[in-house]
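So the structure is just underneath, and the comments pick up after that.
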Amino acid sequence: MKRKKILCLLVISMLCLTGCADKKEEKKEADFSAIQSVCELATLKCYYHNVAKSETEASGLFKWLGTGYKKIWTEYSGIVELGVDVSKVSVSKPSKDGVVKVTIPDAEILSVDLDEDSMGEPLTDTGFMTKITKEEETEALAEAQNHMEETANENGNLLNQAKERAKSLIEGYVKNVGEQIGKEYTVEWVDAKAEE
């Protein structure tokens, strides 16, 4: 009887130890699924205030009569968002050494929004018997929006700043994920162009 009790205790002890050992061996894996949200947080917003203008010169006989001449000015504000395309960002699983490879593209213009509330009544100057149509006003605003986008696109410093901001936030995110599972990760950057 004593042997059966000792044997039962040994079996129960072994089962308990085996169950505990299984829990200790359970490895926590890094989960980088929130990378899209991190990239969206890295978006850089640039505010612009500018004047849209359009001018039509009179020609020929109309010039002598003072008709056909049109000029329109409209003040406006807008926001250009710069950042990295989330669909082109990828994060690898950590290597044995704790290196996480992050593929990131160059920053680009994500959106251009003209603030219609910032636009007042357009100032106009026209020749005799000449009117400015709604189509011409719309065309001047479309041109202004294009100009705002071109200005932002030509500013390499802003695009570099947007990419560096994204890299900084992504690196902080990767390291934070590692800390949460008791690991130390370092980031190795891979240029998206090099992978194409």
Side-chain angles (χ1 to χ4, degrees), residues 17-52 75-119 138-196:
L17 288 174
T18 306
C20 292
D22 286 345
K23 287 184 182 178
K24 286 183 183 177
E25 288 178 26
E26 226 179 82
K27 288 185 180 179
K28 294 181 182 177
E29 287 191 30
D31 179 18
F32 299 115
S33 60
I35 195 71
Q36 183 173 0
S37 300
V38 173
C39 290
E40 288 170 5
L41 284 174
T43 302
L44 191 64
K45 290 185 179 184
C46 300
Y47 294 85
Y48 285 86
H49 186 77
N50 208 345
V51 175
E75 256 186 280
Y76 67 93
S77 295
I79 299 171
V80 176
E81 289 188 359
L82 306 155
V84 294
D85 183 351
V86 178
S87 67
K88 295 178 184 174
V89 175
S90 65
V91 182
S92 73
K93 290 189 176 192
S95 70
K96 291 177 184 177
D97 302 335
V99 176
V100 177
K101 290 185 179 183
V102 179
T103 303
I104 188 168
D106 287 335
E108 59 187 54
I109 293 175
L110 301 175
S111 69
V112 179
D113 293 318
L114 213 58
D115 182 10
E116 292 182 20
D117 295 335
S118 71
M119 291 182 261
T138 305
E139 186 180 311
L141 292 176
E143 197 173 305
Q145 191 164 357
N146 288 340
H147 182 263
M148 196 167 50
E149 185 173 353
E150 285 171 14
T151 303
N153 221 359
E154 289 171 1
N155 192 336
N157 289 337
L158 279 178
L159 292 169
N160 288 336
Q161 187 179 357
K163 184 174 181 176
E164 289 306 313
R165 179 180 168 135
K167 286 171 81 172
S168 175
L169 286 175
I170 291 169
E171 184 172 21
Y173 167 70
V174 168
K175 288 182 176 182
N176 191 28
V177 167
E179 286 173 12
Q180 289 178 356
I181 60 170
K183 305 272 180 157
E184 189 175 324
Y185 293 143
T186 55
V187 175
E188 183 181 308
W189 299 104
V190 179
D191 192 10
K193 288 180 189 173
E195 290 213 336
E196 290 178 355

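The side-chain contact (heavy atoms from CB on, under 4.5 Å) test applied to Thr186 returns Val99, not counting sequence neighbours. Contacts of Asp31 classified as side-chain contact (heavy atoms from CB on, under 4.5 Å), with partners at least two apart in sequence or in another chain: Ser33. Take Glu184 and apply the side-chain contact (heavy atoms from CB on, under 4.5 Å) test, not counting sequence neighbours, and it matches no residue. Evaluation of the salt bridge (charged side-chain N to carboxylate O under 4.0 Å, His left out) rule for Asp113 yields no partner, not counting sequence neighbours.
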Counting only pairs under 3.5 Å, give me each side-chain donor-acceptor contact of residues 42-49, with atom names and distances, residues two or more places apart or in other chains.
| from | atom 1 | to | atom 2 | distance (Å) |
| --- | --- | --- | --- | --- |
| Thr43 | OG1 | Glu40 | O | 2.9 |
| His49 | ND1 | Tyr76 | O | 3.3 |
| His49 | ND1 | Ser77 | OG | 2.8 |
| His49 | NE2 | Glu75 | OE2 | 2.7 |

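Counting only residues at least two apart or in different chains, side-chain hydrogen bond (donor to acceptor under 3.5 Å, both in side chains) contacts with residues 154-176 comprise Asp106-Lys163.
Taking 4.5 Å as the limit, some side-chain heavy atom of Val100 sits within range of a side-chain heavy atom of Phe32.
Side-chain contact, Asp97 with Ser95: no donor N or O sits under 3.5 Å from an acceptor N or O.
To the nearest 0.5 Å, atom CG of residue Leu159 and atom CG of residue Leu82 are 5.5 Å apart. Ile109 contributes atom CD1, which lies 13.5 Å from atom CG of Asp85 (distance to the nearest 0.5 angstrom). Summarising the geometry, atom CD1 belonging to Ile170 is positioned 4.0 Å from atom CD1 belonging to Ile104; distances are rounded to the nearest 0.5 Å.
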